[in-house]
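Here the structure is laid out as structure tokens; the discussion comes afterwards.
Bear in mind the structure is a predicted one, so any value in this text is a computation, not a measurement. Just the heavy atoms: all of them, side chains too, but no hydrogens, waters or symmetry mates, feed the values below.
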Amino acid sequence: MRYYILISFLIILGLELKAQDSSIPLNISIKNTDTLAPQQTISSIDSLKSVVSANLVKGDTLKSVWTLMKLMDAYSHQANYAQAYETIWSALTLMDNSKNKVVKSHIYRRLGAMYSFNKRKKEALKYLQMSLDIMKEAVDKGTMPKAALANNYYTFSYTYRGLDEPEMAKKYLDSSLTYYGDIPDKIALPFLKFEKSYVLREEQKYEEAMQTLAEIEPWFEQNTPSYLVLVYAYWAVLHKRQGNVDKTIEYYKKAISISDKYQSHIDFTPFIYEKLSEDYKRLGNYKEAYQSLDKAKTLNAKFFDGRSQNNIPLMEIKNEYRLEKERQQEVIRQQRMEKLEQQDKILLLQRIILGTSLVFVVVIGFVYVKHIRSKHKAEKRLMQKTKALEMEQANELLETKNKELAASTLQLVEKDEFLKRLKTELRGEDGTIKVSEINRVLKSISVGNANNWEEFKLRFTDVNKNFYEKLNNTYPNLSQTDQKICALIKLNLSSKDMARLLGISTKSVHTTRHRLRKKMGLQRSDNLEELISAL
């Protein structure tokens, strides 16, 4: 039940001011509200509450949250930290289930700043870093411009200023100036220059610091005079560092005057009264010193004492919310862990099934590929064997035909020898045979010799089908006699057999072979028989 204290605040706020909704303008701009304009004082708090109420009734959560942040700023500048904390935690409650991380970033940034006001460094830096991380993620995703980071770094800078850590303040101020750009909710440049004046002061560059404050004073007078509380207070410190006590007191009084006029930064006035007390004491004005010190103690007790009625509800609300959120987050964490474990188990099972399937497919594929390769190898071997057998049979057939051709050729040679011998005998004898008969026989012998060669050529061409075609293509200038010699060389006939077949002398065969080598362009080392056999 304690968790719902924050929710009840929103409900009570809506019911309390419902009657005023019709008279309250709802067009208040939603911008960066790290600092408040003069009109956002006590009189504007009721207006901001009414805007929150109206937006809740309309169901516009986003505008309600933005207005709650403006309301928190108004409370914090009055040092009403209980209401400020309650308001910002309420805004965070509204955004718990929202996916709009950028708005959460703004809430965390203000929450961190609130913690820094009470010097709660650890909590302040925690929430400021959460805000910065969210904004960096948005910038990386492209949903926010890089210039949006300037506001986060600026908050870090003034937080470290409040913690009196100038080196860290300078570091984050430099980052803010680096990312500073023209965006709708940018922080005004004079606020950054004010932080710069603090850094210059701590670097003992007093003249530069004063010059910077003098430069920005007119802008604050015109736009945000309530912020002059801080400007004059820090100006007073510069005068004090330079030993000008009168100027120090003057500027402290100017700061208090601005705070009283605008009811702004009243949480800072205890510090001012403490410093005034020290300066009055230095001047020997003990009455003013005592009154200032008493005022400082009273304000400190009011704003910062944990026993203060303003702060007791704050601590209760914060603790209840924190504890409940921690319990909820632990439950959510446990549920997520269980869900992740279940998902891990399912994922592991899926991986096992997938791995097994892959192994099975790989094995099947390997067996199939091996089978196909074996089949192809067997077919290839069979084709090679078949081709070799065919070639062997063709060679055997060619050899057989060549032998037949050679035998036929030898028969022709023997026939020609017989006829030559007969021709010689007929010429050398003088008997009863008539001269006309002799001429007839001689004539028939010459015709038979020519017919024998034609018969040989037909048989040779039948066995060696492309021989003459290859021979003519390679050596087109060969004569008929040269071609005959080449054919006989193809049959591996000797020069003597060639002479007998052609009806010429062996010497003539040698002469023809010599002329043939010249026509073919052969060198002495070239083998005529091997060359013709390759055709």
If you look at every heavy atom in [X] and [Y], which pair is closest and at what distance?
{"X": "Lys146", "Y": "Val139", "answer": "CG-CG1, 3.6 Å"}
{"X": "Val102", "Y": "Met144", "answer": "CG2-CG, 3.9 Å"}
{"X": "Val231", "Y": "Phe194", "answer": "CA-CE1, 3.7 Å"}
{"X": "Cys486", "Y": "Leu478", "answer": "SG-CD1, 4.4 Å"}
{"X": "Val509", "Y": "Ser495", "answer": "CG2-O, 3.8 Å"}

### Which residues share a ring-ring contact (aromatic ring centres under 6.0 Å, His included) with Phe467, sequence neighbours left out
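ring-ring contact (aromatic ring centres under 6.0 Å, His included) list for Phe467, sorted by chain: Phe460.
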### Message
Checking Tyr198 now: which residues fulfil ring-ring contact (aromatic ring centres under 6.0 Å, His included) with it, not counting sequence neighbours?
### Response
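None.
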For [X], does the [atom1] atom have more than 12 heavy-atom neighbours from other residues, nucleotides or ligands under 6.0 Å away?
{"X": "Lys490", "atom1": "NZ", "answer": "yes"}
{"X": "Gln384", "atom1": "CD", "answer": "yes"}
{"X": "Glu165", "atom1": "CD", "answer": "yes"}
{"X": "Lys104", "atom1": "NZ", "answer": "yes"}

Kindly indicate whether the side chain of [X], heavy atoms from C-beta on, has any atom under 4.5 Å from the side chain of [Y].
{"X": "Ser176", "Y": "Leu192", "answer": "yes"}
{"X": "Lys339", "Y": "Gln343", "answer": "yes"}
{"X": "Val199", "Y": "Lys205", "answer": "no"}
{"X": "Leu94", "Y": "Leu68", "answer": "yes"}
{"X": "Phe191", "Y": "Tyr158", "answer": "no"}
{"X": "Phe156", "Y": "Met168", "answer": "no"}
{"X": "Tyr172", "Y": "Thr159", "answer": "no"}
{"X": "Tyr475", "Y": "Leu531", "answer": "yes"}

About how many Å separate [atom2] of [Y] and [atom1] of [X], when rounded to the nearest 0.5 Å?
{"X": "Ile504", "Y": "Met498", "atom1": "CD1", "atom2": "CE", "answer": "10.0 Å"}
{"X": "Phe366", "Y": "Arg373", "atom1": "CZ", "atom2": "CZ", "answer": "8.5 Å"}
{"X": "Ser505", "Y": "His510", "atom1": "OG", "atom2": "NE2", "answer": "9.0 Å"}
{"X": "Leu516", "Y": "Gln483", "atom1": "CG", "atom2": "CD", "answer": "10.0 Å"}
{"X": "Arg109", "Y": "Thr155", "atom1": "CZ", "atom2": "OG1", "answer": "4.0 Å"}
{"X": "Lys171", "Y": "Ser157", "atom1": "NZ", "atom2": "OG", "answer": "12.0 Å"}

### Message
Walk me through whether Asp182 and Lys186 qualify under salt bridge (charged side-chain N to carboxylate O under 4.0 Å, His left out).
### Response
CA-CA 7 Å; Asp182 190 11; Lys186 67 178 180 180; 3.5 Å; yes
### Query
Lys377 and side-chain contact (heavy atoms from CB on, under 4.5 Å): which partner among Lys375, Lys380, Arg381?
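With Lys377 as partner, side-chain contact (heavy atoms from CB on, under 4.5 Å) holds for just one option, Arg381.
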### Message
Below 30° counts as parallel, above 60° as perpendicular, anything between as tilted: where do the rings of Tyr179 and Tyr153 land?
### Response
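Tyr179 vs Tyr153 ring planes: parallel.
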### Query
How are the rings of Phe220 and Tyr227 set relative to one another: parallel (under 30°), tilted (30 to 60°) or perpendicular (over 60°)?
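Parallel: the ring planes of Phe220 and Tyr227 meet at under 30°.
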Main-chain N/O of [Y] paired with [X] side-chain donor or acceptor, under 3.5 Å:
{"X": "Tyr180", "Y": "Ile187", "result": "yes"}
{"X": "Thr143", "Y": "Ala138", "result": "yes"}
{"X": "Asp497", "Y": "Leu493", "result": "no"}

Can you give the donor-acceptor pairs under 3.5 Å from side chains of residues 124-137 to other protein atoms, not counting sequence neighbours?
residue	atom	partner	partner atom	Å
Gln129	NE2	Asp133	OD1	2.9
Ser131	OG	Ser105	O	2.6
Ser131	OG	Ser105	OG	2.8
Ser131	OG	Asn152	ND2	2.8
Glu137	OE2	Lys141	NZ	3.1

### Charged N-O contact under 4.0 Å between Arg161 and Glu202
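So Arg161 does not pair with Glu202 through a salt bridge.
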### Query
So, Glu208 and Arg201, do they make that salt bridge, N to O below 4.0 Å?
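Here Glu208 does not pair with Arg201 in a salt bridge, since their nearest N and O are not under 4.0 Å apart.
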#### Entry: Within residues 510-535 or reaching into it, pairs that qualify as salt bridge (charged side-chain N to carboxylate O under 4.0 Å, His left out) - sequence neighbours excluded
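Qualifying pairs, neighbours excluded: Asp482-Lys519, Arg513-Glu529.
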### Query
Going through the checks in order, is the side chain to side chain contact (heavy atoms under 4.5 Å, CB included) test met by Leu213 and Ile216?
CA-CA 5 Å; Leu213 292 177; Ile216 63 178; 4.1 Å; yes
### Message
Can you confirm whether the side chains of Thr511 and Ser508 place a donor and an acceptor under 3.5 Å from each other?
### Response
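On atom types as modelled, these side chains do not qualify, holding no pair under 3.5 Å.
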Could you go through residues 350-361 and list every donor-acceptor pair under 3.5 Å that involves a side-chain atom there, pairing it with any protein atom two or more places apart or in another chain?
residue	atom	partner	partner atom	Å
Thr356	OG1	Ile352	O	2.8
Ser357	OG	Ile353	O	2.8

### Message
Taking side-chain contact (heavy atoms from CB on, under 4.5 Å) as the definition, give me every residue that meets it alongside His376, ordered by chain and number, with sequence neighbours left out.
### Response
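For His376, the residues satisfying side-chain contact (heavy atoms from CB on, under 4.5 Å) (neighbours in sequence not counted) are Ile372, Glu379.
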